[in-house]
There are 2 protein chains.
Amino acid sequence: MKDCTIYKTIDIIGKRWTLCILLELYKGNNEEKRFNELKKKLQTITPKTLSVRLKELEQEGLVKKTLDDSKDPVIHTYSLTRSGEEFIQIIQSIKKWGLEWKFENKICGLSNCKNCKL
Amino acid sequence: MKDCTIYKTIDIIGKRWTLCILLELYKGNNEEKRFNELKKKLQTITPKTLSVRLKELEQEGLVKKTLDDSKDPVIHTYSLTRSGEEFIQIIQSIKKWGLEWKFENKICGLSNCKNCKL
DNA sequence: CAGGATCCAAAAGGATACTG
DNA sequence: CAGTATCCTTTTGGATCCTG
């Protein structure tokens, strides 16, 4: 199982916060974002978890980390790679299914849900 | 977060065995399948886990359970609902992304992987 | 056959404090 | 600022045995 394409991708999706992070990065035309900026937006995420997730996503090739050492202190930023941007399509299909089949009223239970504005 | 359409759907996908079960049910033109039949196909799944997963999927409306009490002993069978069948589309989009971005050689690491024959 | 009940091990992730 | 380290709680799911 562990080598299966589908399960590998599921492993990425399934972890807590991963989707939040991808969506957060996707916002604003995928402009580069900083660690504490992400942390602030994601509110209750702990630095440890954010750190772990970002590293995983980097390894998986969905997120890239950029260093700008022309400035002092050095600035680290995160953004989606091409593959990360394409990944949003999966989220779209999840959203499509969810809206069609999961809720009678066709809207997300969260008022003003940023994910549903995809 | 917990009320968000997307996260609710992720919760379904993310649990171990869930996708396997959906794919197993999807096979053979979604014909009805019995508990022990599924268990046998899924090989290393424990009855507890299969039971729990099937119940979750039933609650989520992706799987329906049918009783045929015209026979003795009563026969219980499981199959995908309409929403469950539509869910396969999400798996398709996961597969598409996985094959395109996750592996250089464009094939699943598993020889003869039943999921990749979707 | 189709599960339910119980117990247990491993993993995941939160809280908090600390550092280059 | 951008994390790392440590500790600890919660969750998950496997193993096993039992039952209508």
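In the text below, chain A, chain B and the rest are named by the order of the sequence lines, each starting its count at 1.
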Query raised in the report: Which is true for B/K65 with a 4.0 Å heavy-atom rule: it touches a base, it touches only sugar-phosphate, or it touches nothing?
Result: sugar-phosphate
Query raised in the report: C/dT19 P sits how many Å from A/K48 NZ, rounded?
Result: 18 Å
Report summary line: 5'-most contact on DNA chain C (nearest-nucleotide basis), A/G14 vs B/F35, goes to B/F35
Query raised in the report: In terms of side-chain heavy atoms of A/W17, which of C/dC1, C/dG3, C/dG14 is nearest?
Result: C/dG14
Query raised in the report: Which whole-number value in Å describes the distance from B/L67 CG to C/dC1 P?
Result: 17 Å
Report summary line: The nucleotide from C/dA15, C/dA5, C/dC1 with an atom nearest the side chain of B/R34 is C/dC1
Query raised in the report: Can a donor-acceptor pair under 3.5 Å be found between the side-chain atoms of A/K15 and the base atoms of C/dG13?
Result: no
Query - Residue whose nearest DNA chain C nucleotide is more 5′ - B/N36 or A/T44 - result: B/N36
**Report entry** Spacing of A/D11 atom CG relative to C/dA12 atom C1', expressed in whole Å
**Finding:** 13 Å
Requested in this report: Can you label the angle between the A/W97 ring and the B/F87 ring as parallel, tilted or perpendicular, going by 30° and 60°?
Outcome: perpendicular
Query - Between C/dA2 (C1') and B/L38 (CG): distance, integer Å - result: 12 Å
Query - Spacing of B/L57 atom CG relative to C/dG3 atom P, expressed in whole Å - result: 14 Å
Query - SB check A/R53 A/E56 (cutoff 4.0 Å) - result: yes
Query raised in the report: Nearest-Å distance, CD (B/E32) to P (C/dA2)?
Result: 13 Å
Query raised in the report: Can you pull the contact range of chain B along DNA chain D, 5' to 3', using atoms under 4.0 angstrom from its heavy atoms?
Result: D/dG13 to D/dA15
Requested in this report: Quick one: closest heavy-atom pair of B/V63 and B/L22, and the distance?
Outcome: CG2-CD2, 4.3 Å
Requested in this report: Check whether any side-chain nitrogen or oxygen of B/K39 sits under 4.0 Å from OP1 or OP2 of C/dG3, and answer yes or no.
Outcome: no
Query raised in the report: Given A/T77, which of A/E32, A/E31, A/K33 fulfils the side chain to side chain donor-acceptor pair (under 3.5 Å) condition?
Result: A/E32
Requested in this report: Compare every heavy atom of A/T18 with every heavy atom of A/I13, then report the nearest pair and how far apart it is.
Outcome: O-CB, 4.4 Å
Query raised in the report: When the distance from CZ of A/R16 to C1' of C/dG14 is rounded to whole Å, what number comes out?
Result: 9 Å
**Report entry** Non-hydrogen side-chain atoms of B/L42 and B/E24 separated by less than 4.5 Å
**Finding:** yes
Query raised in the report: Is there a donor-acceptor contact under 3.5 Å linking the side chains of B/E86 and B/Q89?
Result: yes
